[in-house]
Amino acid sequence: MTDGTPPRLPLDWIAAALRRERARAGLSLSELAKRAGIAKSTLSQLEAASGNPSMETIWALGVALGVPFSALVEPPAPAVQVIRAGEGPAVASEQANYMATLLSASPPGARRDIYHLRAEPGAARESEPHIPGTVEHLIVSTGRVKAGPRGESVELGPGDYMAYRGDVPHAYEALVPGTTFVLIMQHV
């Protein structure tokens, strides 16, 4: 986009993925909403491709369905895929100035997702545990970020790498303006 704002996820991608994964799991609207801790009306709107889902809502639905976040937001991919800086499916956090852009979801048989994230100082992005066995790998591109599991967070700068369990509560906090990093979520 020309104004620097990343595009929002097309709601039809999310709606189709939710319907597909809910059917695969054999769950009713009511049961999935209950497991995800969201209103049944919210889930119904999302499956009808309306509403404006937050990152937290999509994560909660993924955890309740036992699938990675990417399974609910990834568009169909062509054979060759290029995502230019500032483009790609982006989801904003309600908790902090934090935007996640899915770069690559794990193909069948492999279980990893790659994200490019940008964050600004202010509130930390608190993340609830992901599906069991998740490991996160983080590489800082620009700025400084404090990240990791609660009580074990580490301050990182450009070029720094860390890995930690993603199936426990964890957080990311930008310490300087213009912080960007790559996050690889490995699901085992």
Side-chain angles (χ1 to χ4, degrees), residues 1 5-77 83 87-106 111-120 122-136 138 147 149-150 165-174 181 183-187:
M1 298 185 77
T5 304
R8 297 288 298 177
L9 289 170
L11 292 175
D12 55 329
W13 294 352
I14 295 170
L18 283 171
R19 289 189 305 267
R20 177 190 70 234
E21 294 300 330
R22 186 171 64 78
R24 182 196 53 77
L27 297 174
S28 67
L29 274 171
S30 297
E31 183 60 25
L32 177 55
K34 179 181 170 186
R35 289 182 185 190
I38 65 171
K40 179 181 174 185
S41 60
T42 299
L43 178 57
S44 180
Q45 287 177 342
L46 291 177
E47 285 198 4
S50 63
N52 188 17
S54 69
M55 177 184 298
E56 291 79 9
T57 298
I58 297 169
W59 277 113
L61 287 164
V63 169
L65 288 164
V67 300
F69 176 83
S70 61
L72 301 179
V73 300
E74 182 184 34
I83 299 176
E87 296 179 356
V91 183
S93 171
E94 292 177 333
Q95 301 172 357
N97 188 350
Y98 179 95
M99 181 75 66
T101 301
L102 177 65
L103 300 178
S104 173
S106 181
R111 297 185 44 97
R112 59 100 188 114
D113 304 324
I114 303 171
Y115 296 89
H116 181 261
L117 301 157
R118 61 182 173 84
E120 297 297 328
R125 165 64 174 98
E126 300 286 336
S127 183
E128 293 301 316
H130 304 309
I131 59 177
T134 300
V135 175
E136 294 192 358
L138 188 150
R150 283 190 193 146
R165 288 182 55 193
D167 57 2
V168 297
H170 54 283
Y172 321 91
E173 180 180 2
F181 53 99
L183 179 69
I184 301 168
M185 296 184 72
Q186 173 183 312
H187 309 286

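As the structure is a computational prediction, the values presented were derived from the model and not from experiment. In this chain, numbering begins with 1 at the start of the sequence shown. In what follows, every heavy atom counts, from backbone to side chain, and hydrogens, waters and symmetry copies are set aside.
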Residues that Glu56 engages under salt bridge (Lys or Arg N to Asp or Glu O under 4.0 Å), provided they are two or more places apart: Arg125
Sorted by chain and number, sequence neighbours left out, salt bridge (Lys or Arg N to Asp or Glu O under 4.0 Å) with Glu126 holds for Arg150
Would you indicate whether the side-chain heavy atoms of Pro169 and Pro129 approach each other to under 4.5 Å? yes
Thr57: which residues meet the side-chain hydrogen bond (donor to acceptor under 3.5 Å, both in side chains) condition with it, sequence neighbours left out? Ser54
Relative to the ring of Phe181, is the ring of Tyr98 parallel (under 30°), tilted (30 to 60°) or perpendicular (over 60°)? tilted
Would you list the pairs meeting salt bridge (Lys or Arg N to Asp or Glu O under 4.0 Å) in which at least one residue belongs to residues 37-54, sequence neighbours left out? Arg22-Glu47
Contacts of Glu31 that satisfy side-chain hydrogen bond (donor to acceptor under 3.5 Å, both in side chains) - sequence neighbours left out: Arg35
For residues 31-58, the ring pair (Phe, Tyr, Trp, His ring centres under 6.0 Å) pairs (sequence neighbours left out) are none
Give every residue pair that meets the ring pair (Phe, Tyr, Trp, His ring centres under 6.0 Å) criterion with at least one member in residues 25-46, sequence neighbours excluded. none
Name all residues meeting the salt bridge (Lys or Arg N to Asp or Glu O under 4.0 Å) criterion together with Arg24; count only those two or more places apart in sequence or in a different chain, and write none if there are none. Glu21
Pairs involving residues 19-57, ordered by first then second residue, that meet ring pair (Phe, Tyr, Trp, His ring centres under 6.0 Å) (sequence neighbours left out): none
Any chance you could lay out the side chain to side chain contact (heavy atoms under 4.5 Å, CB included) test for Ile131 and Arg111, step after step, and finish with the verdict? CA-CA 12 Å; Ile131 59 177; Arg111 297 185 44 97; 3.4 Å; yes
Return the set of residues passing side chain to side chain contact (heavy atoms under 4.5 Å, CB included) with Ala39 (not counting sequence neighbours), or none when no residue passes. Ser41, Thr42
Within this structure, what is the NE2-CG distance for the pair His187 and Asp113, rounded to the nearest 0.5 Å? 4.0 Å
I'd like to check the side-chain hydrogen bond (donor to acceptor under 3.5 Å, both in side chains) partners of Tyr172; sequence neighbours left out, ordered by chain and number. Glu136, His170
Set of side chain to side chain contact (heavy atoms under 4.5 Å, CB included) partners for Ala123, sequence neighbours left out: Ala96
